[in-house]
Amino acid sequence: MAAKSTRFFSWRSLAFLGLIVGGYQLYQRFEVEIDELGGMSVRARSVAAVVADEPGASTQQFVSLYDRAGVADAADGSMRATPVSSSGAPFGAGGQPGNLRIATWALGGFGPTQLADETVMSIFTQVVHGFDILALQQVRIGERDFLDRLVARLNRDGRQYEYLSTADVISWPGENSRDQMVFLYDARRVVADRTQLYQIADPDRRLTDRPLVAWFRAAQADPQRAWTFSLVNMQVELAAARNEVLQIPSLIAAVQGDGRGEDDVILAGLFQADHAYLAGTVGDRKHWIANRDRATDVDGRHQTSNLIIDRLNTTESLMRGGVTDFLRLHNLSIEHAKRVSPHLPVFAEFSPWEG
């Protein structure tokens, strides 16, 4: 009888301890509000608050802050995350969603001039339509409605591409004059949460261009089982490439610890470094690098763009990818190809199902 009483007391003590720990975690990650009518609402704390509460937090590291400009604040100044709904396109053949194709493409100053050139846009559109998400670098937005007009051109055939860009979150003086980073994504294939778009906070200015981070979910899979992931768009300055590439491991750690609990982090960008250099920096055993041996410029000389995928956490990666050589696919001259972009897209394929 005494043994049974002891076990009962032990289980009750563990349950009580669990309530204390759970309550502390709830306090750390969420805020509870009770309105005038007695209704209760729970919302996530801002990441800035979460990071500041972590033991050993230091401004010497990258900090992933939701500093998105232009989002309507709540009455108490906090931001509320409202997922953007998907258009819910039907499943592919056999009732199953297809694999997701994610690409990175440096555009070398692509802007209003290229948008006005129908020959260029015909090629550009065909390349974009081959992917579900593209992380674009070196986009020269210039005009306020440029991205809206670009997407309208992509959607002439009924597609439903949307965009997210650094123009939405710029907070440093002078950043607006630089080429921007943009995500283009097919809203029939992936869902994006616009309120969770942010740029990495880099107080020590170790990067010339702060990476842009977006959160996505596969749209055509069951939402309870659909793959979710953070996609980081990075643009390395050539003159500072050696030092900026060395920051990549810290950048990955910052995004994984940004408070959203998302461990699937993919880096897509113009790294100004080849596979061997990237592998030596991030660890070839820990990360899979999509393009290993192909040049990524239309001249066929240099390998500068790539995708970096965590082998352990991102099990949705099919370890399949490569370079889309639009120059040869469309039988273009080098001069004609450079009117579209001096760089080639690099892509990787992923399962739409979590895990």
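Please read all numbers here as calculations on a predicted model, not as lab measurements.
- Using a cut-off of 4.0 Å between Lys/Arg side-chain N and Asp/Glu carboxylate O, Asp145 and Arg149 are scored as salt-bridged.
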Check the pair Arg285, Arg311 against side-chain contact (heavy atoms from CB on, under 4.5 Å), reporting the backbone distance first and the verdict last.
-> CA-CA 8 Å; Arg285 293 185 178 182; Arg311 289 180 183 270; 5.6 Å; no
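- Listed for the Asn155 side chain is no donor-acceptor partner under 3.5 Å among the backbone atoms of Gly158.
- Residues Leu207 and Met234 form a side-chain contact, since some pair of their non-hydrogen atoms from C-beta on lies under 4.5 Å apart.
- A donor-acceptor distance shorter than 3.5 angstrom exists from the side chain of Asp258 to the backbone of Arg260, with no hydrogens or angles considered.
- Distance alone, capped at 3.5 Å, is enough to place a donor-acceptor pair between the Gln114 side chain and the Gly111 backbone.
- No option in Phe347, Phe124, Phe131 other than Phe124 meets the ring-ring contact (aromatic ring centres under 6.0 Å, His included) test with Trp105.
- The shortest distance between side-chain heavy atoms of Phe229 and Thr314 does not fall below 4.5 Å.
- Annotation: side chain of Glu237 is not in contact with side chain of Gln272 (no heavy-atom distance under 4.5 Å).
- A distance-only check finds a donor-acceptor pair linking the side chain of Gln137 to the backbone of Ala135 [under 3.5 Å].
- Asp132 places a side-chain N or O within 3.5 Å of a backbone atom of Arg101 that can act as its donor or acceptor partner.
- Using a 4.5 Å heavy-atom cutoff, the side chains of Val265 and Val232 are in contact.
- Rounding to the nearest 0.5 Å places CG of Leu100 at 11.5 Å from OG of Ser317.
- For the pairing with Asn233, the side chain to side chain contact (heavy atoms under 4.5 Å, CB included) check across Val213, Leu212, Leu270 returns one residue only, Leu212.
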Please lay out, stage by stage, how Asp299 and Lys338 fare under the test salt bridge (Lys or Arg N to Asp or Glu O under 4.0 Å).
-> CA-CA 9 Å; Asp299 292 305; Lys338 285 183 177 180; 3.1 Å; yes
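- The neighbour count for Arg328 CZ, taken as heavy atoms of other residues, nucleotides or ligands under 6.0 Å away, does not exceed 12.
- Side-chain contact check for Gln180 versus Leu147: every heavy-atom pair is 4.5 Å or farther apart.
- In this structure, Leu344 and Ser305 have side chains that are not in contact, with every pair of non-hydrogen atoms separated by 4.5 Å or more.
- Distance check: Trp353 CH2 to Gln220 CD gives 10.0 Å after rounding to the nearest 0.5 Å.
- The closest side-chain heavy-atom distance from Asp284 to Arg292 is below 4.5 Å.
- The shortest side-chain heavy-atom distance between Asp325 and Arg294 falls under the 4.5 Å cut-off.
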side-chain contact (heavy atoms from CB on, under 4.5 Å) evaluation trace for Leu136 with Phe110 = CA-CA 10 Å; Leu136 305 178; Phe110 188 102; over 6 Å; no
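- In this structure a side-chain-to-backbone donor-acceptor pair under 3.5 Å is missing from His330 to Ala337.
- Residue Val190 is tested with Trp227, Phe183, Tyr185 for a side chain to side chain contact (heavy atoms under 4.5 Å, CB included); the sole match is Tyr185.
- The pair Glu354-Arg217 fails the salt-bridge criterion, with no side-chain N (NZ, NE, NH1 or NH2) lying under 4.0 Å from an Asp/Glu carboxylate O.
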